[in-house]
Amino acid sequence: MTHLLEDIKNVYFVGIGGIGMSALARYFKAIGCHVAGYDRTPSALTEKMKQGERIEVNYRDEEAEIGLRYRDKANTLVVYTPAIPQDSKQLNYFRSNGFSLHKRSEVLGLLSRTGKALCVAGTHGKTTTTTLLAFLLKNSRIGCNAFLGGISMNFGTNLLIDRYSEYIVVEADEFDRSFLHLSPYIAAITAMDEDHLDIYGNKANLIEAFEEFAERTREEGKILLKAGLKLERSEVDGYYAIEEVTDNYSDHLRVQGSHYVFDYHGQKAEIKDLVLGIPGRMNVENATLAITMALEAGVQPDEIRKALPEFRGVLRRFNIHTSGAVLYIDDYAHHPREIEAALKAVREMWPEKKLTVAFQPHLYTRTRDFQSEFAHSLNIADQVILLDIYPAREIPIPGVSSEIILNKLNVPACIIPKEEFPKFVDQNVKDGIFMTVGAGDIDRFVPVFTQMFGGR
């Protein structure tokens with residue numbers, strides 16, 4: 001992969017702990033730059049970068065935390081995330097001193113032009129799809145570079161570098177219109193459901209952004225779409241689906257243990273009796289797209305057959321942590337459609353087990369806009385525990401709280417403060433399946449519940 005901005009020696013990240021930012025930080029470290037950055041709170045990811053990868057990370061938004069090396073504006077690139085508040089002291093130090101500042105999406109866009117970028121966009125499904133695509137390429141003669149939106153359970157990282165491969169796997173994020181900086185060789189779209197309405201205002205504007213993303217595909221490239229989606233201004237080269245005959249599809253789905261076996265039929269190949277190494281019908285759909293893109297890149301059917309059962313998924317995407325009296329699953333789902341897919345997968349795999357779901361809503365605007373849809377999805381469970389809304393970048397909205405979801409639920413449910421959460425679960429979840437779901441900080445309880453249920 002061609003080095004970005006070869007005269008740059010130092011790179012500083014304002015918001016280094018984000019999944020996309022950390023991948024870029026690791027990339028610049030890998031190519032020999034000095035790398036440092038700020039994030040609001042420590043996490044397993046920042047500590048791994050700090051301790052294991054010698055990337056300097058600080059947690060105080062103060063000018064004094066910026067090392068002398070990174071005050072040299074002639075040789076320093078500053079990368080920031082839109083999630084950083086505009087009154088950030090570190091961000092404003094760089095602004096007021098004339099540094100070159102770039103959003104994460106701009107830098108990733110430049111990198112996407114250095115090879116053949118395989119870009120997966122969509123309001124859900126893209127993280128697992130990109131990670132599986134990267135896994136298939138990496139386990140073939142093709143290889144790849146990859147900037148992933150999650151931590152691969154196989155590789156333990158969100159960055160893959162292969163200086164011999166021309167392919168770059170990229171998660172194309174629609175938040176803040178970030179994906180409009182990319183130059184796809186293959187552009188794929190998994191879903192265009194309403195989301196990020198704090199950014200787009202309405203679904204029409206969201207669809208317009210996806211139209212623009214598709215139009216950025218290189219002339220010699222291809223556009224792939226989930227069956228049922230539609231683009232008005234771009235010619236689609238192939239659709240994909242499960243249990244629906246189209247250009248590329250999977251059928252004959254059957255469950256063996258906790259895994260799916262299926263047949264793939266595509267424009268490039270037909271592959272029978274494939275075994276997927278992770279559970280969930282929605283992941284067969286993700287795999288169908290990943291296989292299609294891998295075949296387009298030149299991966300052989302036998303390489304796919306061999307690699308697919310070894311795929312272990314993505315951290316916080318339907319991860320099974322214990323399987324004793326209580327089967328404990330953690331999932332990042334934070335949109336109603338994602339929650340519905342995850343819970344339906346549980347019902348399909350373990351129909352006889354009681355299902356208790358703990359959900360932490362993410363963003364006041366998303367909770368307000370999709371309160372009925374969240375309730376509809378959560379009603380698939382037998383019992384629901386709600387945490388308070390995780391605000392992320394937002395300030396509270398009067399009248400918007402987890403209670404507006406609670407009031408629409410038809411199953412036994414309650415709201416529990418985070419400080420009482422583990423004790424409540426310990427006293428009330430004795431068997432069946434327990435799921436923690438959400439994109440906020442609910443994942444900090446994963447070790448607690450893994451220990452709790454693993455010891456029973």
Side-chain angles (χ1 to χ4, degrees), residues 122-132 135 149-150 153 190-191 193 226-228 240-244 249-264 274-291 308-309 311-323 326-360 373-385 411 429 431-439 442-443 446 449-450 453:
T123 46
H124 48 81
K126 57 184 177 289
T127 300
T128 299
T129 303
T130 51
T131 307
L132 176 52
F135 181 77
M153 299 291 283
T190 64
D193 297 321
K226 180 181 174 180
Y240 74 95
I242 59 170
E243 299 183 310
E244 175 185 346
Y249 67 99
S250 295
D251 64 2
H252 195 203
L253 276 65
R254 57 265 194 207
V255 177
Q256 292 185 0
S258 60
H259 299 148
Y260 268 99
V261 181
F262 61 95
D263 300 336
Y264 171 84
L274 288 170
V275 179
L276 181 60
I278 55 175
R281 177 176 291 261
M282 70 283 194
N283 285 321
V284 179
E285 184 175 277
N286 294 333
T288 303
L289 175 56
I291 291 167
L308 198 63
F311 181 61
R312 295 293 171 258
V314 187
L315 186 65
R316 296 221 63 223
R317 268 64 174 187
F318 212 85
N319 298 155
I320 300 173
H321 292 278
T322 69
S323 56
V326 176
L327 192 154
Y328 170 44
I329 303 171
D330 177 57
D331 195 275
Y332 185 74
H334 56 283
H335 185 279
R337 290 288 296 275
E338 294 171 337
I339 295 171
E340 181 179 2
L343 270 55
K344 282 185 174 179
V346 171
R347 288 300 198 198
E348 185 171 27
M349 306 295 285
W350 302 281
E352 77 288 355
K353 291 183 179 287
K354 178 182 178 181
L355 174 57
T356 301
V357 176
F359 173 54
Q360 181 187 43
E373 290 85 351
F374 278 126
H376 176 77
S377 298
L378 291 167
N379 277 328
I380 296 171
D382 296 299
Q383 178 179 339
V384 175
I385 302 166
V411 297
V429 180
D431 54 19
I433 298 172
F434 176 64
M435 290 187 72
T436 44
V437 178
I442 194 171
D443 63 315
V446 171
F449 295 129
T450 299
F453 297 127

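These numbers come from the heavy atoms of this one structure, side chains and all, not from hydrogens, waters or symmetry mates. The first residue in the sequence is number 1, and the count goes up from there.
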Exercise for the section: Search all heavy atoms of Met282 against all heavy atoms of Ala341 and return the closest pair with its distance. Expected result: SD-O, 3.9 Å
Handout entry: Pairing residues for Asn379 by the side-chain contact (heavy atoms from CB on, under 4.5 Å) criterion, not counting sequence neighbours
Key = Leu409, Asn410, Val411
Problem - Between CG on residue Leu276 and OG on residue Ser250, distance to nearest 0.5 Å - result: 9.5 Å
Exercise for the section: To the nearest 0.5 angstrom, please state how far the CD atom of Glu373 sits from the CG atom of Leu378. Expected result: 11.5 Å
Handout entry: Ring geometry between His334 and Tyr332 (parallel below 30°, tilted from 30 to 60°, perpendicular above 60°)
Key = perpendicular
Problem - Set of residues satisfying ring pair (Phe, Tyr, Trp, His ring centres under 6.0 Å) with respect to His321, sequence neighbours excluded - result: Tyr328
Practice task
In plain terms, say whether Arg281 and Glu243 are close enough for a salt bridge, that is, a side-chain N and a carboxylate O under 4.0 Å apart.
Solution key: yes
Problem - With sequence neighbours excluded, residues passing side-chain contact (heavy atoms from CB on, under 4.5 Å) with Asp382 - result: Arg347, Lys354, Leu355
Handout entry: Exam field: side chain Arg316 to backbone Val314, donor-acceptor pair closer than 3.5 Å
Key = no
Exercise for the section: First locate atom CG of Leu289, then atom OH of Tyr240, and finally report the distance between them rounded to the nearest 0.5 Å. Expected result: 4.5 Å
Handout entry: Pairwise side-chain contact, Phe262 with Asp251, heavy-atom cut-off 4.5 Å (strictly under)
Key = no
Exercise for the section: Please report the shortest heavy-atom distance between Ser377 and Pro336, naming the atom on each side. Expected result: OG-O, 2.8 Å
Handout entry: Any donor-acceptor N or O pair under 3.5 Å, side chains Glu285, Tyr249
Key = no
Fill in the blank from the handout: ring-ring contact (aromatic ring centres under 6.0 Å, His included) with Phe434: of Phe449, Trp350, Phe359, only one passes, and it is Phe449
Handout entry: From Asp331, Thr127, Thr131, Thr128, residue fulfilling side chain to side chain donor-acceptor pair (under 3.5 Å) relative to Arg317
Key = Thr127
